[in-house]
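We name chains A, B, ... by the order of the sequence lines, and we start the count at 1 in each one. Note that the structure is predicted; figures quoted are calculated from it, not measured.
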Amino acid sequence: MKHYDALKIEAKWQDRWEKEATFRADDKDKRPKFYLAEMFPYPSAHGLHVGHVRNFSIIDCLTRFYSQKGFNVLRPFGYDTFGLPAENYAIKTGISPQEATRQNVENFRKQAKRLGFAIDWSREINTSDPEYYRWTQWCFLKLYEKGLAYRAESYQWWCSTDQTVLANEQVEDGRCWRCGNEVTKRKMKQWYFKITEYADELLEEIDSLDWPDRIKTMQKNWIGRSEGANIRFKVDGDKYDIEVFTTRPDTLFGATFLVLAPEHELLDKIVTNDARAAVDKYRKDALKKSEIERQENRDKTGVFTGAYAINPATNSKIPIWVSDYVLSSYGLGAIMAVPAHDERDYEFASRFKLPIIRVIDPVDSPESSDDHYCYHGEGVLVNSGEYNGCSSQEARKKILNWLTASHIGHAQVTYRMRDWLISRQRYWGCPIPIAYDKQGNAHPIPVDQLPVTLPAITDYAPDQSGRSALAKAQDFVKCKLDGEAMLRETDTLDGYACSSWYLWRYLDPHNSKQAWSPKLVNQWAPLDIYCGGDHAVAHLLYVRFWCKFFADEGLLSFREPIKKLLYNGYINGPDGRKMSKSKGNVIDPLDVIDDGYGADTLRTYELFIGPYDMDASWSTEAIGGVFRFLGRFWSLCFTAEHLDGADAEHEYRRHKTIKKVTEDIQRTNFNTAVAALMEYLNYLYKNGAAKNDLVAFARLLKPFAPHLASEVLEEFSADDAWPTWDEDKLVTDVMEVIVQVNGKLRAKLTLAAEEVQNRDLLIEKARADAKVQQFIGSKELVKTIALPERRLVNFVVK
RNA sequence: GGGCGAGUGGCGGAAUUGGUAUACGCGGCAGACUUAAAAUCUGCUUCCUUUACCGGAUUAUGGGUUCGAGUCCCAUCUCGCCCACCA
């Protein structure tokens, strides 16, 4: 007895697809283009996991769907290979990151091929390939040329385990995103990309994107735009001014003290001799605290600097304090404290017995306002001289005008987002193409000398120096530029730089003259659909930033790189917990295939498991249901007798399924598309199937189970063109009508179409039903709702 | 603390503009085939009452709008995610 031998079928088709390069995309094809990609994977030593399979299967389903619909589809694949795991592995084992990466990539490629994805393998890219990172370096130089890559010294997040600085996007809850270690601040000279230059555009264009609202909100929060004012306060009896940022210039009359962040540069200059010792100690302690410690203890602490400032509105002397509740990295690192209308300032003022002056009364409840020192809403100004009686909104404008006219302040927009810190004190990354002369001035490496190749070394471990292991490679460090001896930059680029432009390299992957040809990229990009389950604010913000920059450079003709984003959920272990080796709940997708289920079952199951954007738990039982489904289709095709032709009922079912599956895939409701196919198959299984039915079924199934579908289409000598439905076939002669009494279902009638269309006849038929009669009885009929188009009648009785 | 989203059988989940709640799958029960098991096939499977029919209840809880509410509105509870000393 023959049976569904998934592995045999899959080997046959994978072999054929490989030999025929079936999925190679043609740049010259004139059909409308469709460009899709998943977020390329970091090829770990563990190989593909079920999360990758879900992610790749979503894109593969859409790739095949649009391809079958006749689009010129491009779906590439690549590897994001720079990063800490390979380097840490090298430190542990001595196996070079180059070698480990080579092995991991090979394994990933082999595994991806066993899943039968419709990938154009001729476009494979790898970010640690010198031919790739040569152009990452070129991108860096482009940004440098325009002043958007710069070097500055400041306090940055430092991970003492990984011995490197981190970008703000890589610090999660005060911990390193890689190792989970608590991070602290360290003052270092570092390279940055000026992403804040594009903050407004990045914010404004979010709304135009077909992205999940969740991700859009996260990016908006991350950018965090605030409108307000910068205001200068004179330091009493000194030459210095302290400038603060506030969103509420209307509360200026209530500013009773200033607070500086511990890192503020004027702190040293204004502190009085009496206070110096206490201030120095406070600053030292604050910098030593990790972010976790700062968050755990939110009790306000602080020290008086001994100095005073002049409130420009009241001309009164107000004390200047230092406290770590003011963040050095936001605004100007200094605030005017208005304790009557800001809870943090209120807490601080209460603790240190500082004056509190109310300057805004709520409009609706002026009597009770005495108890509400911390009223932070809008209202009417009091204790504010000439502005008394003015609404707070109005006062905001008036006071800002006065500040501007008298050169004390000006309107200011501030962002929560900071510039992107890109240097890493690690070996396994793209070298920054910069060298320094004897004076320490930075010089870009000329483009014709790229790539600056990462040298092979043997000792990868970073030390406490804050420099990468590259610093020990003397042959690498020493170089000559225009005959002048220089020392190379030994920090490497954040891996996110490598992934900020790969979506364009895919479109011109073998170009040795340019990072990409604008003609080719503008032809294929922007990406029509992108899918991933991570990097909501890091990668997905950076790639938008680079897109805008290169559009300004004339190298791209679009300003947003990704039209539609699908953010897929995770797949947890059968116990509902995150899969991890230590919990012993890891499902290896290759094991699932080799157990006999095959790739078609695995892929279909992962799309059927639930809505693609929700987390799901693996079920070792439920995958059997999908295997049975595919097995039944196989046996219906290859072992059963086929009907000579399809009757009206078969045609109705077929067209209904075509419509449902087509619309569901377009709506990315993959799970219900599979359910519709199961329902159709159950029908065919019971009632027999004609060749037409099976061919249509195979075409609809192909995006989910491409091997089996190909096998069936070959058997019936049919192509894979996406089937279309005929609305006429969905209209039936007889239909079921729902009859309700007081909104409750009481009868289902089977009536001819003409009977339903005739409203009076429909009501008559419905009312004549014995069951309906029973519920209406002798009660008074108040109203009758009859909706032929909804096939529904509702009798309302009293 | 602020913002957003969600709550449907034993389980994963369906219900596209308010119109048959529980599609599809898993699990469970019964039966067929078999010496037996596996596999496969058939039927049943929201809950209560009932041998069965009939009937009643039901989409976290309470209220509202409506001929009709899982879907809309208000309140409450629970969970999830994001932000969080951002001036």
Side-chain angles (χ1 to χ4, degrees), chain A residues 1 3 173 212-222 224-226 228-229 244-249 251 255 259 261 294-295 297-300 323-327 329-338 341-345 347-348 376 414-418 536-537 569 576 604-605 608-611 614-626 628-629 631-632 635 660 663-664 667 669 671-682 685-686 736-748 771 774 782-787 789-797:
Chain A
M1 173 76 185
H3 68 286
D173 293 330
D213 287 337
R214 218 176 94 231
I215 309 302
K216 295 209 252 188
T217 308
M218 279 167 77
Q219 292 212 348
K220 281 183 194 168
N221 287 344
W222 187 261
R225 187 181 198 270
S226 296
V244 304
F245 171 72
T246 180
T247 53
R248 296 293 300 269
T251 63
V259 188
R294 278 196 182 194
Q295 279 176 7
N297 185 6
R298 290 232 177 156
D299 289 344
K300 296 284 179 291
S323 172
D324 66 1
Y325 87 89
V326 175
L327 309 175
S329 51
Y330 182 75
L332 297 161
I335 60 151
M336 64 176 209
V338 185
H341 304 289
D342 181 283
E343 278 178 47
R344 297 151 300 182
D345 297 344
E347 234 180 276
F348 194 83
H376 50 255
T414 294
Y415 301 92
R416 205 191 78 100
M417 179 172 70
R418 332 273 205 263
V537 289
T604 307
Y605 170 64
F608 179 63
I609 196 168
M614 301 237 302
D615 289 354
S617 298
W618 186 269
S619 161
T620 36
E621 290 88 26
I623 191 171
V626 174
R628 280 191 283 278
F629 160 63
R632 277 203 300 274
S635 60
K660 172 82 175 150
E663 291 179 346
D664 274 354
R667 281 190 298 254
N669 292 343
N671 55 330
T672 51
V674 175
L677 286 170
M678 288 173 165
E679 211 172 339
Y680 182 35
L681 184 70
N682 288 345
Y685 213 70
K686 214 172 278 180
E736 195 169 66
V737 174
I738 301 310
V739 187
Q740 300 175 326
V741 177
N742 284 349
K744 277 210 162 84
L745 174 69
R746 293 304 176 191
K748 292 181 191 177
K771 202 62 155 298
Q774 183 192 324
V782 180
K783 201 172 180 181
T784 304
I785 313 281
L787 304 169
E789 67 282 7
R790 301 235 194 205
R791 288 172 291 167
L792 177 129
V793 179
N794 185 17
F795 295 107
V796 186
V797 296

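- Here the closest non-hydrogen pair linking Val793(A) and Thr784(A) is CG1-CG2, 4.4 Å.
- Of all non-hydrogen atoms in Phe608(A) and Asn671(A), the two that sit nearest each other are CD1-O, 3.6 Å.
- Between the base of C83(B) and the side chain of Asn221(A) there is no donor-acceptor pair shorter than 3.5 Å.
- Rounded to whole Å, the C1' atom of A69(B) lies 13 Å from the corresponding atom of A15(B).
- Whole-Å rounding puts the Asn671(A) CG to G12(B) P distance at 14 Å.
- Residues Val537(A) and Tyr415(A) each lie close to RNA chain B; by heavy-atom proximity, the contact nearer the 5' end of the strand is made by Val537(A).
- Atom CE in Met678(A) sits about 15 Å away from atom P in G13(B), given to the nearest Å.
- Going from the P atom of C24(B) to that of C82(B) covers 36 Å, rounded to whole Å.
- Contacts of Arg632(A) with the nucleic acid, taken as non-hydrogen atoms under 4.0 Å apart, involve only primed sugar atoms and P, OP1 or OP2.
- Rounding to whole angstrom units, CZ of residue Arg791(A) and P of U20(B) are separated by 11 Å.
- Rounded to whole Å, the separation between the C1' atoms of G9(B) and A60(B) comes to 15 Å.
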Exercise. Determine, stepwise, if the pair Lys748(A) / Val737(A) fulfils side chain to side chain contact (heavy atoms under 4.5 Å, CB included).
Key: CA-CA 6 Å; Lys748(A) 292 181 191 177; Val737(A) 174; over 6 Å; no
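- The residue Thr217(A) sits apart from the nucleic acid: no heavy atom pair falls under 4.0 Å.
- Residues Ala676(A) and Ile785(A) each lie close to RNA chain B; by heavy-atom proximity, the contact nearer the 5' end of the strand is made by Ala676(A).
- The distance from atom CG of Asn742(A) to atom C1' of G68(B) is 10 Å, rounded to the nearest whole Å.
- When the side-chain nitrogen and oxygen atoms of Ser323(A) are compared with OP1 and OP2 of C85(B), none of them lie within a distance under 4.0 Å.
- When the P atom is compared between C47(B) and A52(B), the two are found 13 Å apart, to the nearest whole Å.
- In this structure, the CE atom of Met218(A) is 14 Å from the C1' atom of A84(B), given to the nearest Å.
- Relative to the six-membered ring of Phe348(A), Lys300(A) misses at least one condition, a distance below 6.0 Å or an angle of at most 45° to the axis.
- Ala675(A) comes within 4.0 angstrom of a base, heavy atoms only.
- Base contact: Phe608(A) has a heavy atom under 4.0 Å from a base atom.
- To the nearest whole angstrom, the two C1' atoms, one in U22(B) and one in G13(B), are 10 Å apart.
- The phosphate of U20(B) (OP1 or OP2) has no side-chain N or O of Lys748(A) nearer than 4.0 angstrom.
- Leu745(A) places its CG atom 11 Å from the P atom of G56(B), with the value rounded to the nearest Å.
- Regarding Glu343(A), its CD atom lies at a distance of 11 Å from the P atom of G1(B), rounded to whole Å.
- The phosphate of A87(B) has OP1 or OP2 within less than 4.0 Å of a side-chain N or O from Tyr330(A).
- Within the 4.0 angstrom heavy-atom criterion, base atoms lie near Lys660(A).
- Evaluation of atom-type donor-acceptor distances gives a pair under 3.5 Å for the side chain of Gln740(A) against the base of G19(B).
- Residue Ile623(A) is out of contact with every strand shown, counting any heavy-atom pair closer than 4.0 Å.
- Among the atoms of the strands shown, none is found under 4.0 Å from any heavy atom of Lys216(A).
- A close approach under 4.0 Å does not occur between any side-chain nitrogen or oxygen of Arg790(A) and OP1 or OP2 of G68(B).
- As judged by a 4.0 angstrom heavy-atom cut-off over every strand, Ser617(A) is placed among residues making no nucleic acid contact.
- For Arg628(A) against U40(B), a side-chain-to-base donor-acceptor contact under 3.5 Å is absent.
- Between the Glu347(A) side chain and the Asp299(A) main chain, no donor and acceptor come within less than 3.5 Å of each other.
- For Lys744(A) against U20(B), no side-chain N or O and base N or O form a donor-acceptor pair under 3.5 Å.
- Base orientation of G9(B): syn (glycosidic angle within 90° of 0).
- For the pair Arg632(A) (side chain) and Tyr685(A) (backbone), a donor-acceptor distance under 3.5 Å is absent.
- Between Arg746(A) and G56(B) there is a side-chain polar atom (N or O) within less than 4.0 angstrom of OP1 or OP2.
- Whole-Å rounding puts the Asn682(A) CG to U42(B) C1' distance at 13 Å.
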